[in-house]
Amino acid sequence: MNIKNYINGEFLSPINENYIDNYNPSIGEVYGTIPNSTKEDVALAYKAASDAFPEWSNKTLEDRSRILIRISELLEANLERFANAEAKDNGKPVSLASVVDIPRSASNFRFFANAITQFSSESHESIGLGAVNFTLRQPIGVVGCISPWNLPLYLFTWKIAPAIAAGNCVVAKPSEVTPMTAYLLGEICNEAGLPKGVLNIVHGLGQTTGQAIIEHPEVKAISFTGGTATGAHIARTAAPMFKKLSLELGGKNPNVIFADSDYDKMLTTTVRSSFANQGQICLCGSRIFVEESIYEQFKKDFVKKVSELKIGNPFDNDTNVGALVSKQHLEKVKSYIDIAENEGGRILYGGNRVVVEGSENGYYLQPTIIEVGDNKCVLNQEEIFGPVVTLMSFKTDKEALLLANDVKYGLSATLWTNNLNRTMQFSKQLNTGIVWVNTWMLRDLRTPFGGQKASGVGREGGFEALRFFTEPKNICIKYE
Ligand code: TXE
């Protein structure tokens, strides 16, 4: 599978004919190549987007909406093909890609196809001054969308859908680690009748291809999801160029469990919030804090439930935990497990690589539970981004809140309790962009999505995304 860039509605080889290997992490083998595009390829993509902008930004909302709906329908009609491609590229169970990744990608287009027809802006009458103001929210022009490897098509389309719904044209780059479904999206867009040049997909490494996008003087806004370090780098590059920035970065999310919660529901959901997608979701609850009175019981039950998870090839239907996305990432996650003892941690379960029969060279790791004594330890302060969670107990509400907030990230938090006062006090005082109470990863696409502190800047979702991808302009008219 040697894929190409999607520029101006066509599939083009990179100008310098330079390619990178693409791995199937479930078997640890190369299964194709992707372009390692250069500034010249990005310039070509920018020109296609710029040429397409006048017509696309003047298309009626109904016409834009119809095309986005068509893209969502085609994604649903090709669900199996996309789910298989995603599982092969990322290592996640195909069952997960079929239920989460691809359906949500279709929903992203459908949601913004509808949202754009409801998006409006304000007017202000300057009473007594004989003037009226109204605010236009106009598309920005050509914008850059850069996405990571953990939820490849889901996060790629989460940016592209609002950007084009708002009338912009896009230069997009998926992660070089998981390019496949982005490549397949190009064909869908052509079939849906998306005018050529509205969406351009350029493949390649972050520090070359991605860097060329964020440096391009005419790309006016960057929507990025990825690591905090990369986000900081992008901000340093783009801020002096006064580009609009949306940065969805890392997380180290607390999962705070009180004795008065619905125990069985909490336990089942906590297994999911700990290890779904091999723990490679920025929203995973990787720091688990449990009220002392149920701590020992929880520890026993949690370990037992996790030990029942099936680690296997992503294409086996009963697989719960698939392969990690790359050899490098597996080694990074393993390096945190290896320092557990020095960090005062005790491995309660897991911690070892797994050899899956028939996929001996795949990147498999046991779901791992580490009991820690101090929230200041590296395991509780750094984003591991793999199937690793830590456990600690707490005595009081005050202590739990301090532990939850004592980290540089601020993306999401999960709280398990049936106490209303506690729910309100925690929800107001947790320094995160998202709080889930008695659930996890329940998503309403109208809500603002994003984090505080080292988890990024700005919000995606709903009208927040459409406001990000438009420029407000106030028109003031004086009349007699
Ligand atoms: O992300 P990167 P990676 C965290 C997680 C992970 C770490 C690094 O902890 O271990 O980030 O993961 C592109 N200019 N998250 O390496 O490097 C890159 O090509 C422009 C959390 O995958 O941030 C890719 O397309 N673009 C996160 C995208 O940025 C650049 C999900 C993300 O790559 C670039 C993933 C540059 N200079 C990782 N350098 C979440 N919040 O969900 C890289 N890129």
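Read the numbers this way: they start at 1 and go in the same order the structure lists the ligands and their atoms.
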Trainee: Pick from Tyr154, Tyr23, Phe385, Phe156: which one makes a ring pair (Phe, Tyr, Trp, His ring centres under 6.0 Å) with Trp149?
Mentor: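 Only one of Tyr154, Tyr23, Phe385, Phe156 forms a ring pair (Phe, Tyr, Trp, His ring centres under 6.0 Å) with Trp149, namely Phe385.
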
Trainee: Thinking salt bridges, do Lys4 and Glu10 make one under a 4.0 Å N-O criterion?
Mentor: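 No salt bridge links Lys4 with Glu10.
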
Trainee: Hey, is Gln280 one of the residues with a heavy atom under 4.0 angstrom from ligand 1?
Mentor: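 Flag not set, Gln280 not near ligand 1.
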
Trainee: Could you tell me whether Glu383 and Lys252 make a salt bridge, using a distance below 4.0 angstrom between a side-chain N and a carboxylate O?
Mentor: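 No, no charged N to carboxylate O under 4.0 Å.
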
Trainee: Checking Tyr183 now: which residues fulfil ring pair (Phe, Tyr, Trp, His ring centres under 6.0 Å) with it, not counting sequence neighbours?
Mentor: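 Result, ring pair (Phe, Tyr, Trp, His ring centres under 6.0 Å) vs Tyr183: Phe11.
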
Trainee: In plain terms, say whether Arg81 and Glu187 are close enough for a salt bridge, that is, a side-chain N and a carboxylate O under 4.0 Å apart.
Mentor: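 Yes, this pair counts.
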
Trainee: Could you work out, for atom 15 (N) of ligand 1, the closest of Gly451, Gly227, Ala212 by heavy-atom distance?
Mentor: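 Among Gly451, Gly227, Ala212, the closest heavy atom to atom 15 (N) of ligand 1 belongs to Gly227.
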
Trainee: For Gly231, state whether at least one heavy atom is located under 4.0 Å from any atom of ligand 1.
Mentor: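 Gly231 does not count as a contact of ligand 1 under the 4.0 Å cut-off.
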
Trainee: Distance to 0.1 Å, residue and atom name: give those for the protein heavy atom nearest to atom 16 (O) of ligand 1.
Mentor: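 I find the closest protein heavy atom is Trp149 NE1, 4.1 Å.
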
Trainee: Please state which protein non-hydrogen atom is closest to atom 6 (C) of ligand 1 and give its distance, to 0.1 Å?
Mentor: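 I find the closest protein heavy atom is Lys332 NZ, 3.7 Å.
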
Trainee: Would you indicate which of Gly204, Gly226, Gly386 comes nearest to atom 27 (C) of ligand 1 when only heavy atoms are counted?
Mentor: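 The nearest heavy atom belongs to Gly226.
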
Trainee: So which heavy atom in the protein is nearest atom 24 (C) of ligand 1, and how far is it from that ligand atom?
Mentor: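 Scanning the protein heavy atoms, the shortest distance from atom 24 (C) of ligand 1 goes to Ser147 O, 3.5 Å.
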
